[in-house]
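Position 1 is the first residue of the sequence; numbering continues from there. Atoms within a ligand are numbered from 1 in the order they appear, just like the ligands themselves.
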Amino acid sequence: MIATIQYNSRKLQIDFSKPLDISIPLISSEKNVNAWYVDAPKIEPVQDGEWTAAVSEGADINFNNIQFNPHAHGTHTECAGHITEKVHSINQNLKTFFFLAEVVTVAPENDGEDKIISKKQLQFALGNKKRDAIVIRTIPNTREKHSRQYSNTNWPYLEADAVKFLVEKGIKHLLIDLPSIDKEKDGGELLGHREFWNTKGKLRLDATITEFIYVSNKIEDGEYFLNLQIAPFENDATPSKPILYKVIS
Ligand SMILES: N[C@@H](CC(=O)c1ccccc1NC=O)C(=O)O
């Protein structure tokens, strides 16, 4: 199923029958990806006395409760409400779901004890391209990103200047395969998040950050349409399912 999209002055084609899912499935297991020092997510049948809501236990239906944290347990999309006193809801602020995106691959650079993604790297990766969204894949990139336990690992992060560059380039949606665009333990500075949402000026409420994606090595760097779909929770962040479609012509 081929669609032709009029995007400003360009006509771009994508194939809806070839979606590229860059979300991480959430599973009820210690093997689920994790950050921020919380327990594993749980998906468990409702229990009422002796009755267990699972067909395998004699019930007519499977009927599970789910306990998870959107920031800690997988692919999620967040808005400025993540760091503002007023809790803005992602479901009220992300109102369109199709964007032109660039997939880029970066190898974080050593900076003392840290690994950082610099402005220079993103300048090189993005060049003069004008995109609504950027999808950042970090190296090394293996499927182990589905199950990594990130707490206390001091994962790579984006330099504040790198984030500023993305804002200046007009990027509205930033997607990355790490638990946060900021340093794990930064004393609450959250410099990248603050820069991206412009907390010192007019809040960029239409801009989103999606963390904990996984971009398979089968997906090449380049131009894609991004369908950024979210679960309709009224919260600063919610699980999401970003899907890429390669621009074929
Ligand atoms: N980097 C912050 C902590 C932080 O960002 C955070 C801490 C606990 C749960 C979630 C957090 N951020 C993420 O979504 C700090 O060091 O204070």
Peer 1: How close does the nearest protein non-hydrogen atom get to atom 3 (C) of ligand 1, and which residue and atom is it?
Peer 2: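 Result for atom 3 (C) of ligand 1: W36 CZ3, 3.7 Å.
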
Peer 1: Can you tell me which residue and heavy atom of the protein come closest to atom 17 (O) of ligand 1, and the distance to 0.1 Å?
Peer 2: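 The protein heavy atom lying closest is G188 N, 2.8 Å.
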
Peer 1: Within the structure, is a non-hydrogen atom of S180 found at a distance of less than 4.0 Å from ligand 1?
Peer 2: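 Distance cut 4.0 Å: S180 fails for ligand 1.
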
Peer 1: List ligand 1 atoms under 4.0 Å from H71, heavy atoms only on the residue side.
Peer 2: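 Within the 4.0 Å cut-off of H71, ligand 1 contributes 14 (O).
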
Peer 1: Could you tell me whether ligand 1 has any atom less than 4.0 Å away from a heavy atom of K183?
Peer 2: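 Yes, K183 has heavy atoms under 4.0 Å from ligand 1.
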
Peer 1: Ligand 1 versus E189, non-hydrogen atoms closer than 4.0 Å: side chain, backbone, both, neither?
Peer 2: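 Neither part.
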
Peer 1: So which atom in D21 and which in P242 form the shortest heavy-atom distance, rounded to 0.1 Å?
Peer 2: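 What the structure gives for the nearest pair is OD1-O, 3.8 Å.
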
Peer 1: Do me a favour and list the nearest non-hydrogen protein atom to atom 13 (C) of ligand 1 with residue, atom name and distance?
Peer 2: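 Of every protein heavy atom, H82 NE2, 3.3 Å lies nearest to atom 13 (C) of ligand 1.
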
Peer 1: Report, in ascending order of atom number, the atoms of ligand 1 lying under 4.0 Å from any heavy atom of K185.
Peer 2: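 Result: 16 (O).
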
Peer 1: Any heavy atom of L190 closer to ligand 1 than 4.0 angstrom?
Peer 2: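 Yes, L190 has heavy atoms under 4.0 Å from ligand 1.
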
Peer 1: Count the heavy atoms of every other residue, nucleotide or ligand shown that sit under 6.0 Å from NZ of K172, and state whether that count exceeds 12.
Peer 2: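 Open.
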
Peer 1: Quick check: are there more than 12 heavy atoms from other residues, nucleotides or ligands sitting under 6.0 Å from CZ of F97?
Peer 2: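 Atom CZ in F97 is crowded, with more than 12 foreign heavy atoms closer than 6.0 Å.
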
Peer 1: Among all protein heavy atoms in this structure, tell me which lies nearest to atom 15 (C) of ligand 1, with the distance rounded to 0.1 Å.
Peer 2: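 Ranking protein heavy atoms by distance from atom 15 (C) of ligand 1, first comes D186 OD1, 3.0 Å.
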
Peer 1: Quick check: are there more than 12 heavy atoms from other residues, nucleotides or ligands sitting under 6.0 Å from CD of E220?
Peer 2: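 For E220, atom CD is not crowded (no more than 12 foreign heavy atoms under 6.0 Å).
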
Peer 1: Above 12 or not: heavy atoms from other molecules or residues under 6.0 Å from NZ of K11?
Peer 2: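 Atom NZ in K11 is not crowded, with 12 or fewer foreign heavy atoms closer than 6.0 Å.
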
Peer 1: Is the gap between the ring centers of F68 and H73 under 6.0 Å?
Peer 2: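 No, the ring of F68 stays outside the 6.0 Å limit from the ring of H73, centre to centre.
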
Peer 1: May I ask you to say whether R10 pairs ionically with E223, meaning some side-chain N is under 4.0 Å from a carboxylate O?
Peer 2: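 Result for this pair is yes, salt bridge flagged.
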
